[in-house]
Amino acid sequence: MANYSTSQFKNGLKLILDGNPCSIMNNEIVKPGKGQAFNRVKFKDLITGKTLEKTFKSGESLEGADVMELEMQYLYSDGEAWHFMDPDSFEQYALDSVAMSDTVNYLVEQDNCVVTLWNGNPISVAPANHVILEVVDTDPGLKGDTAGTGGKPATLNTGVVVQVPLFVGIGEKVKVDTRTNEYVGRA
Amino acid sequence: MEDKSYLNKRHKLVRKIRNFFDSQGLIEVQTPLLLCAPTSDVYIDSIACKVNTDINSEVVKYLHTSPELEMKKLISSGSGDIYQICQVFRDNEYGSRNFNEFTMLEYYRMGFDIHELMDDIVSLLRRLGLNDEVTKISYSNAFTDFGNIDILNTTFEELKEIARGANLTTDFDWIEDLQMLLFIHLVEPELKKLPICFIYDFPKQQSALAKIDGQVASRFEMYLRGIEIANGYDEIQDSDTYLERFNRENQKRSILGKKIYALDNDFLKKLENPIPSCSGVAIGIDRLLHQII
């Protein structure tokens with residue numbers, strides 16, 4: 001993979017940092033009045049999901065990371081791995097629980113999601129921003145509550161628990177924001 | 001065309017700056033922008049211009065990167081307190097806050113030390129409507145607080161060890177460059193929380209053209225919300241010390257393979273007769289006004 005100099009740094013560029021593939025979130029050039037130029041860069045580690053900050057001397061270079069994001073269909077889980085398929089190549093990929101992370105909370109078979117591959121191997125998967133899931137367990141709704149002023153926990157068909165308005169009952173489909181784990185509305 | 005209200009605001013603020021100095025008896029000056037001898041500062045690049053002084057006689061002159069030496073020539077002629085608002089030009093500047101041309105306010109106060117000058121800058125900021133809290137912290141304390149490093153008593157090798165531990169580059173020829181990397185990495189992000197912050201008493205290796213007192217140079221920088229706005233010194237008074245500093249920069253230039261220029265002999269000659277004790281500061285007016293408008 002090619003090397004990238006600080007002058008080529010831009011948001012979204014994928015680089016190898018401390019052995020892990022990372023994506024640039026912010027690149028700030030700092031040139032002191034007396035002194036050489038530096039790049040203060042914020043990265044997201046694509047494996048751990050953590051954010052880190054590093055400062056480079058302008059002109060330093062880093063190895064690029066062979067990272068691809070592909071839209072794939074979630075097929076099934078066998079309990080140990082979660083299986084996805086690239087609808088263009090029909091190639092299948094298996095992700096372990098580490099790579100799945102919180103995404104397990106939002107995936108229903110046949111759903112589309114974005115799988116990140118590093119050197120051809122899946123390292124993470126992101127669900128769509130909004131997914132539709134079914135309520136499998138929640139306390140009965142309270143009569144007369146239509147405004148959704150209060151709230152109650154509801155277990156959805158993926159096992160995730162989301163705070164829903166009191167009027168939502170078992171068997172209903174709800175739309176959930178996967179970035180915040182919040183109820184958006186009835187689907 | 002630029003937004004007229006912006007132009008108006010800028011005009012009023014620049015007038016307030018002039019009033020601030022005029023009311024205290026400073027004299028506004030204009031010094032040459034085209035110089036025969038460009039700055040020797042290793043990390044500041046001058047823009048060269050071809051100038052025809054006669055038919056078929058082309059000479060190279062350089063746009064000034066700061067009016068510093070020309071203003072000190074005036075001080076050596078007895079000008080007393082002076083200020084200047086001018087465009088300055090620098091080559092090889094890039095990034096969202098650095099430009100090849102920007103507006104600088106430079107001023108000198110006779111008999112002031114850097115603390116009196118910092119207080120004076122605060123009065124100027126108040127006049128311009130910046131009433132936020134002021135933080136003053138020494139370079140050394142900033143490093144202890146934000147980086148847990150005793151920066152004045154840490155050797156180049158020890159600093160490299162620290163940098164390696166943080167997975168930062170150690171590819172530097174001089175300790176001051178590594179100090180700057182660590183400052184930008186550890187300290188500057190913390191300064192973003194402070195509306196007005198002065199960092200003073202830089203390590204002597206970063207003296208630039210400031211007087212050295214023991215381990216530190218009487219130099220300060222002002223940051224507004226983490227952005228460097230001003231750089232000031234208790235000024236060196238005699239030409240011998242200036243010559244030492246210029247030569248050191250030129251040595252660095254030669255090590256880095258950068259072009260070395262002739263020194264400003266006129267300046268060195270004038271300062272054989274030392275200038276009065278004074279402090280001076282350069283303030284980036286575009287960055288400053290950007291914080292106010």
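Below, chains carry the letters A, B, ... as their sequence lines are ordered, and counting in each starts from 1. Please read these numbers as outputs of a predicted model, since none were measured by experiment.
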Less than 4.0 angstrom from a charged side-chain N to a carboxylate O is my criterion; do [X] and [Y] meet it?
X        : Y        : value
B/Glu188 : B/Arg225 : no
A/Asp139 : A/Lys152 : no
A/Lys54  : A/Asp18  : yes
B/Lys252 : B/Asp173 : no

Who among A/Ser58, A/Gly35, A/Gly33 has the most heavy-atom pairs with chain B under 4.5 Å?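 Ranked by contacts with chain B, first place is A/Gly35.
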Which of the residues A/Asn39, A/Asn27, A/Val30, A/Leu17 is involved in the greatest number of heavy-atom pairs with chain B at under 4.5 angstrom?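 Looking at each of A/Asn39, A/Asn27, A/Val30, A/Leu17 in turn, A/Val30 comes out on top.
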Please determine, among B/Ile44, B/Asn167, B/Val42, the option with the most heavy-atom pairs under 4.5 Å with chain A.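 Maximum pair count with chain A is reached by B/Asn167.
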Who wins among B/Glu93, B/Glu221, B/Arg90, B/Gln206 for the most heavy-atom pairs under 4.5 Å with chain A?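 Heavy-atom pairs under 4.5 Å are most numerous for B/Glu93.
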Quick one: what part of B/Asn98 sits under 4.5 Å from any heavy atom of chain A, side chain, backbone, both or neither?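 B/Asn98 touches chain A through side-chain heavy atoms alone.
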Relative to chain A, which segment of B/Phe183 carries a heavy atom at a distance below 4.5 Å: side chain, backbone, both, or neither?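 Looking at B/Phe183, nothing touches chain A.
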So, does B/Thr155 use its side chain to make a donor-acceptor pair with the main chain of B/Glu158 at under 3.5 Å?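 Between the backbone of B/Glu158 and the side chain of B/Thr155 there is a qualifying donor-acceptor contact (under 3.5 Å).
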Identify which part of A/Gln36 has an atom lying under 4.5 Å from any heavy atom of chain B, answering side chain, backbone, both or neither.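 For A/Gln36, the contact with chain B is made by backbone and side chain together.
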Do A/Phe56 and A/Phe9 have their ring centres less than 6.0 Å from each other?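 For A/Phe56 and A/Phe9, the ring centres are under 6.0 Å apart.
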